[in-house]
Structure formats: C-alpha cells, structure tokens
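Remarks on the structure that follows.
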Amino acid sequence: MTVIADPKAPRAPRPGPGRRVTRTNLESAGWVFMRVSGVVLVVLVLGHLLTNLVTNGGVNAIDFAFVAGKWSSPVWQVWALLLLWLAMIHGANGLRTIINDYAEKTVTRLWLKSLVAVAFTLVVVLGTLVIFTFDPCPVDSSGALMTGVPSFCTAP
C-alpha cells in the first residue's frame with residue numbers, strides 16, 4: 001500500500017492567531033529585496049566613505065562647505081537619497097521580520113509594526129526634505145557662519 005502524502009504538509013505555514021494565509025508571495029519578494037538592497041547599500045556606503053574620508057583629506061576636511069559643495073550637485077543628492085531610502089526600507093523590513101518572528105500577540109505585533117512605520121515615514125520624509133531643500137548658501141553668506149565663503153556662494 002502506497003501512501004501519498006499531502007504535498008503542502010508539513011511545510012505549509014499554518015495560520016495562527018492574527019495571521020492569514022495569502023496566495024501572494026510577498027515574503028519571497030521581501031527576501032529577494034533584502035539581498036539586492038544589501039548589495040546596493042554596500043556599494044553606496046563604500047562609495048560614500050571613500051569620497052568623504054579617503055579622497056578629500058579625511059574627517060578633518062568635512063565641514064559645512066564640504067557638505068554644501070557635495071549637495072549642490074544633483075549626483076550627490078540622488079546618491080544621498082538612494083542611501084537614505086534603501087537603508088530605511090532595508091532596516092524597516094528587517095524589523096518587520098523580527099517583529100513577526102518574536103511578537104506572539106497580535107496586538108503587540110500591530111503596535112510594534114505601527115511604531116516602525118511611523119519612524120520610517122518620519123525619517124524618510126524629513127531626510128528627503130533636507131536633501132532637496134538644503135540651501136548651500138546660508139542667509140548670512142558673509143562667512144560669519146563658516147570658516148570661509150564657499151566659491152559657489154559668491155556671485156561671479
């Protein structure tokens with residue numbers, strides 16, 4: 001007598017309290033996203049560290065004028081935006097996974113995920129606003145706020 005086992009059992013997830021089984025493969029897409037975004041983040045972070053700490057004179061060379069000069073370029077604005085967004089999405093998705101694994105109560109999971117969503121939204125919105133509304137030439141561009149007036153703030 002041959003017993004044919006159910007192909008879904010025992011590996012199929014069983015819905016517990018507050019968990020529903022969906023036909024979409026969202027967890028698989030999240031897993032792939034974490035791997036791809038991790039690789040892209042490594043490239044972005046190493047490029048950021050290389051340009052800020054190695055090629056431009058190290059930490060001592062980083063001041064307001066240095067940051068203002070970098071963020072006056074659209075390339076560096078997009079670089080910073082990608083770094084911010086990918087790091088926040090990657091981190092929030094990782095926290096969501098940890099919450100799903102360790103929070104036993106449905107209400108606890110809901111509150112923790114809500115806190116992560118609020119923190120994510122706040123940081124991404126404020127960070128994006130800072131990147132795109134940053135004025136490299138302050139109102140008092142006489143040099144009183146800085147060690148010197150950057151060349152891009154003076155009128156030709």
Side-chain angles (χ1 to χ4, degrees), residues 8 10-141 144-147 150 152-153:
K8 291 184 180 180
R11 294 191 176 123
R14 293 190 181 124
R19 296 182 190 209
R20 60 178 192 201
V21 176
T22 60
R23 297 222 176 247
T24 62
N25 208 352
L26 191 60
E27 290 299 319
S28 177
W31 185 87
V32 170
F33 170 78
M34 291 297 277
R35 274 60 189 172
V36 172
S37 68
V39 171
V40 174
L41 277 169
V42 166
V43 172
L44 289 172
V45 168
L46 289 177
H48 175 79
L49 291 174
L50 182 70
T51 59
N52 288 343
L53 301 177
V54 177
T55 59
N56 290 317
V59 174
N60 295 330
I62 298 176
D63 58 1
F64 181 84
F66 177 80
V67 174
K70 277 187 76 172
W71 280 12
S72 65
S73 166
V75 171
W76 288 112
Q77 284 181 331
V78 171
W79 190 284
L81 187 73
L82 280 173
L83 192 56
L84 170 72
W85 275 73
L86 275 178
M88 287 304 298
I89 294 170
H90 187 91
N93 190 35
L95 280 174
R96 182 193 61 81
T97 302
I98 291 170
I99 290 167
N100 282 340
D101 287 346
Y102 292 105
E104 294 179 7
K105 295 181 180 179
T106 306
V107 175
T108 306
R109 271 195 306 275
L110 175 70
W111 278 105
L112 290 173
K113 286 182 187 179
S114 298
L115 286 173
V116 169
V118 168
F120 169 82
T121 304
L122 188 67
V123 170
V124 166
V125 167
L126 290 177
T128 303
L129 283 172
V130 166
I131 290 170
F132 287 115
T133 62
F134 179 75
D135 184 11
C137 301
V139 176
D140 180 18
S141 58
L145 296 176
M146 301 178 282
T147 56
F152 50 81
C153 287

- Query: Under the side chain to side chain contact (heavy atoms under 4.5 Å, CB included) test, which residues partner Leu49, sequence neighbours left out?
  - Reply: Val45, Leu53
- Item | Nearest heavy-atom neighbours spanning Val124 and Leu84 | O-CD2, 4.1 Å
- Query: Within a strict 4.5 Å, meaning less than it, do heavy atoms of the Asn100 and Arg96 side chains meet?
  - Reply: yes
- Query: In chain order, what residues pass the side chain to side chain contact (heavy atoms under 4.5 Å, CB included) check against Val130, with sequence neighbours excluded?
  - Reply: Trp71
- For Ser73 and Gly69, indicate whether the former's side chain and the latter's backbone hold a donor-acceptor pair under 3.5 Å. no
- Listed by chain and number, what are the side chain to side chain contact (heavy atoms under 4.5 Å, CB included) partners of Leu110, not counting sequence neighbours? Ser114
- Heavy-atom check, side chain of Thr97 versus side chain of Met34, under 4.5 Å: no
- Task: Can you see which heavy atom on Ala103 is nearest to which on Thr108, and at what distance?
- Result: CB-CG2, 4.2 Å
- Item | Which residues share a ring pair (Phe, Tyr, Trp, His ring centres under 6.0 Å) with Phe132, sequence neighbours left out | none
- Atom CD1 in Ile98, atom CG in Leu112: separation rounded to 0.5 Å? 11.0 Å
- Note on the structure: Between Asn52 and Ile62, the two heavy atoms sitting closest are O-CD1, 3.7 Å
- Message: With a 4.5 Å cut-off on side-chain heavy atoms, are Thr51 and Trp76 touching?
- Response: yes
- Note on the structure: Scanning both residues in full, the closest heavy-atom pair of Ile131 with Gln77 reads O-NE2, 3.3 Å
- Message: The criterion is side chain to side chain contact (heavy atoms under 4.5 Å, CB included); which residues satisfy it with Val125, sequence neighbours excluded?
- Response: Thr121, Leu129
- Task: Of all the heavy-atom pairs spanning Leu41 and Ala87, show the shortest one and how long it is.
- Result: CD2-N, 3.6 Å
- Locate the shortest heavy-atom distance separating Trp85 from Thr128; write the atom from each residue and the value. NE1-OG1, 3.0 Å
- ring pair (Phe, Tyr, Trp, His ring centres under 6.0 Å) involving Trp31 - partner list, sequence neighbours excluded: none
- Take the angle between the ring planes of Phe33 and His90 and call it parallel below 30°, perpendicular above 60°, tilted in between. tilted
